[in-house]
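The structure presented is a predicted model; accordingly, all values stated were derived computationally and were not measured.
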Amino acid sequence: MRRIEPRPPGRSRRPVLLAIALAGCMVALLAPGTLSAQGTGTGSGVRLGFSFGGISTVAFTVEYFRDEESLELTVGTWSFRDLSAAVTVREYFGASYLHPFVGGGLWVVLAHPPGGRFGMATVLQAPVGVDWRATGRHYLGAVININRALWVRRTDPEDNLPLNKRIVPLPGVYYRWRR
């Protein structure tokens, strides 16, 4: 019988899982026929929706798009005692119902716990995912938000730990409705 050795402290499989997810997205983006000079043919407009996971437990999203590009504003919360807001730009690829995308932007989290001081964090965000046009004006999507903290003001005034500079992947799913 094979003996399973515990991993040494501090070793995590997260970087390996993140690398596999990114490699899968890159393969999807570079597959023959994915990139199209004609674009998606979506024109321009607005999509409204909800997301679960990612930058918050639940969030409301407004996305302004033009062909393969979009500007997205997401406002949500983790525990109804905080506020998360993110502004990202996205680039969509492909000319079918399934559109891989990559993007970048900023995410700001504000929190004021009972008995604590007002806290804030600014995070650099890079969403990578896929958007699927389910029917007519309805869209579903999955995203991995790759995040790195830029600045933090902690809610505990005595907590003066240095900023953790790890890359943190946060998966999420969403529903969007095109107006």
Side-chain angles (χ1 to χ4, degrees), residues 12-36 38-80 82-109 121-150 166-179:
S12 173
R13 292 185 184 172
R14 288 184 187 145
V16 174
L17 295 174
L18 179 61
I20 291 169
L22 288 174
C25 289
M26 293 308 294
V27 168
L29 291 174
L30 299 176
T34 300
L35 299 176
S36 171
Q38 295 178 345
T40 62
T42 58
S44 61
V46 175
R47 295 194 311 174
L48 305 172
F50 293 95
S51 63
F52 303 96
I55 69 156
S56 58
T57 303
V58 63
F60 176 73
T61 301
V62 177
E63 180 182 23
Y64 301 96
F65 64 90
R66 187 183 72 212
D67 293 326
E68 298 90 6
E69 301 158 349
S70 76
L71 176 65
E72 177 182 278
L73 172 64
T74 303
V75 177
T77 184
W78 284 98
S79 65
F80 299 101
D82 58 77
L83 180 68
S84 292
V87 175
T88 57
V89 294
R90 287 182 175 188
E91 180 74 27
Y92 291 90
F93 302 94
S96 67
Y97 286 96
L98 197 61
H99 299 276
F101 63 84
V102 295
L106 284 177
W107 168 29
V108 176
V109 181
T122 304
V123 180
L124 186 62
Q125 180 184 57
V128 177
V130 64
D131 189 78
W132 175 52
R133 182 176 172 188
T135 59
R137 297 180 178 195
H138 303 278
Y139 297 79
L140 298 173
V143 62
I144 296 176
N145 292 296
I146 301 166
N147 305 288
R148 184 174 183 277
L150 299 175
R166 289 186 317 192
I167 292 177
V168 179
L170 296 173
V173 295
Y174 63 82
Y175 164 78
R176 305 255 168 94
W177 174 74
R178 181 177 172 179
R179 290 181 16 152

Item to complete: For L71 and V87, run side-chain contact (heavy atoms from CB on, under 4.5 Å): C-alpha distance rounded to whole Å, both residues' side-chain angles, the deciding distance at 0.1 Å, then the answer.
Response: CA-CA 7 Å; L71 176 65; V87 175; 3.8 Å; yes

Fill in: Euclidean distance, L48 CG relative to E63 CD, rounded to 0.5 Å
10.0 Å

Practice prompt. Search all heavy atoms of F65 against all heavy atoms of V46 and return the closest pair with its distance.
Written response: CE2-N, 3.6 Å

Discussion item. Donor-acceptor pair, distance only, cut-off 3.5 Å: does the side chain of N145 make one with the backbone of V143?
Written reply: no

Worksheet entry | Contact list for residues 86-108, test salt bridge (charged side-chain N to carboxylate O under 4.0 Å, His left out), sequence neighbours left out | E72-R90

Worksheet entry | Heavy-atom closest pair, residues R176 and R47 | NH1-NH2, 3.5 Å

Worksheet item: Got I167 and I146 here, is their nearest side-chain heavy-atom distance under 4.5 Å?
Response: yes

Practice prompt. Run the numbers on L73 and Y64 for side-chain contact (heavy atoms from CB on, under 4.5 Å), then give the verdict.
Written response: CA-CA 9 Å; L73 172 64; Y64 301 96; 5.9 Å; no

Worksheet item: Quick one: side chain to side chain contact (heavy atoms under 4.5 Å, CB included) partners of L150, sequence neighbours excluded?
Response: L106, T122, L124, R148

Discussion item. Tell me whether the rings of H99 and Y92 are parallel (<30°), tilted (30 to 60°) or perpendicular (>60°).
Written reply: perpendicular

Worksheet entry | Candidate pair T74 and Y174, rule side-chain contact (heavy atoms from CB on, under 4.5 Å), full reasoning | CA-CA 11 Å; T74 303; Y174 63 82; over 6 Å; no

Worksheet item: For the atom pair CZ (F101) and CZ (F93), what is the distance rounded to the nearest 0.5 Å?
Response: 11.0 Å

Cut-off 3.5 Å, no hydrogens considered: what does the side-chain donor-acceptor table look like for residues 49-60, sequence neighbours left out?
from, atom 1, to, atom 2, distance (Å)
S56, OG, V58, O, 3.1
T57, OG1, W78, O, 3.0

